[in-house]
Amino acid sequence: MSDVFEGYERQYCELSVSLSGKCSAVALLDGAQKQAKVAELNTGLADAESLIRKMDLEARSLQPSAKAMLLAKLREYKSDLNKLKTEFKKASSSTQSSRDELLEAATADAHAVSANQRERLAFSTERLTDSTDRLKESRRTMLETEELGISILEDLHNQRQTLLHSHSKLNSVDDAIDKSKKILTSMTRRMSRNKWIVGSVIAALILAIIIVLYFKLT
């Protein structure tokens, strides 16, 4: 799931709960206070629509497997936004008598929460919990990936050290081979020179023998 989508989703759920509470409160106001609260709600609804559009764009940019699930969630958020707009219209157009009725109902049970608001709160809480679980899972996967990456880097470092050590040994072997070549070349030259010396001595002896025999025979 997209982390960007989850971020927009979390912002929308928090904004939805806030707007629902403000819609309930604006019906009890009048005059300048109501106008200020209505303007604030208009801004909040515009922000909610902006978040819906951002979620829509993000969902459509993903792979088909992830896109289908996110678009289904997005339809729920669009339905929730339509409910918010309906509540806002009712609250902003309420008359004095309806405000009195709401005030009496609020006085009779100040701690009572409407079923619609409880439903939205439960819905938003569920979505936030789901998003939090996904973030925790993503963080856990990221940590596991980081540990795997560190392990791979350590293995690569050890392999690099082994290769450097092998390279050093190969350089030593090359030096030894070069020295051996020089020694063999020197020995070959000496052997060749000794052959010429021995050959020369043998030739001189043969020549001396021939000369001695010649004088003896003559």
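All values reported here derive from a predicted model rather than from experimental measurement.
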Please report the C-alpha distance between V38 and F88 in whole Å, then the side-chain angles of each, then the deciding distance to 0.1 Å, and finally whether the side-chain contact (heavy atoms from CB on, under 4.5 Å) criterion is met. CA-CA 8 Å; V38 166; F88 170 70; 3.7 Å; yes

Evaluate H167 against L163 for side-chain contact (heavy atoms from CB on, under 4.5 Å), listing each step before the verdict. CA-CA 6 Å; H167 182 68; L163 288 173; over 6 Å; no

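A48 and L15 get closest at one heavy-atom pair: N-CD2, 3.5 Å. Taking every heavy atom of both residues into account, S20 and E87 meet most closely at OG-OE1, 3.9 Å. Minimum interatomic distance between I52 and L74 (heavy atoms only, all atoms of both residues): O-CD1, 3.9 Å.
In this structure, the separation between CG on D155 and NE2 on H157 is 11.0 Å, given to the nearest 0.5 Å. Interatomic distance, Y8 OH to S50 OG, rounded to the nearest 0.5 Å: 8.0 Å. With values rounded to the nearest 0.5 angstrom, I183 atom CD1 is found 11.5 Å from T188 atom OG1. Residue D175 holds its CG atom at 11.0 Å from CG of L170, rounded to the nearest 0.5 Å. Separating the CE atom in M55 from the CD atom in Q11 is a distance of 9.0 Å, to the nearest 0.5 Å. Here L19 contributes atom CG and K83 contributes atom NZ; the two are 15.0 Å apart, rounded to the nearest 0.5 Å.
Summarising the local packing, CD of Q63 is surrounded by 12 or fewer heavy atoms from other residues, nucleotides or ligands at distances under 6.0 Å.
With hydrogens and angles disregarded, a donor-acceptor distance shorter than 3.5 Å links the side chain of Y12 to the backbone of Y77. Between the side chain of S18 and the backbone N or O of E14, no donor-acceptor pair lies under 3.5 Å. Listed for the S151 side chain is no donor-acceptor partner under 3.5 Å among the backbone atoms of E147. Remark: side-chain polar atoms of N158 are paired, donor with acceptor, to backbone N or O of E154 under 3.5 angstrom. For the pair S61 (side chain) and E58 (backbone), a donor-acceptor distance under 3.5 Å is present. Of the possible donor and acceptor atoms, none in the side chain of S79 sits under 3.5 Å from a partner among the backbone N and O of R75.
In summary, of the residues considered (R60, R53, K54), a side chain to side chain donor-acceptor pair (under 3.5 Å) with D56 occurs for R60 alone.
T86 has its side chain out of reach of K89: every pair of non-hydrogen atoms, C-beta onward, lies at least 4.5 Å apart. Side-chain contact between L45 and L81: present, with at least one pair of heavy atoms (C-beta onward) separated by less than 4.5 Å. With contacts defined as side-chain heavy-atom distances shorter than 4.5 Å, the pair R160/L164 qualifies.
Residues L62 and L57 fall into different hydrophobic clusters, defined by Ile, Leu, Val, Met, Phe, Trp and Tyr side chains chained together at heavy-atom separations under 4.5 Å. Following chains of ILVMFWY side-chain contacts shorter than 4.5 Å, one can reach F5 starting from L71, so the two form part of one hydrophobic cluster.
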Would you mind writing out the side-chain donor-acceptor pairs for residues 191-215 within the sub-3.5 Å range, not counting sequence neighbours?
unit_1	atom_1	unit_2	atom_2	d
N194	ND2	R190	O	3.2
S200	OG	W196	O	2.7

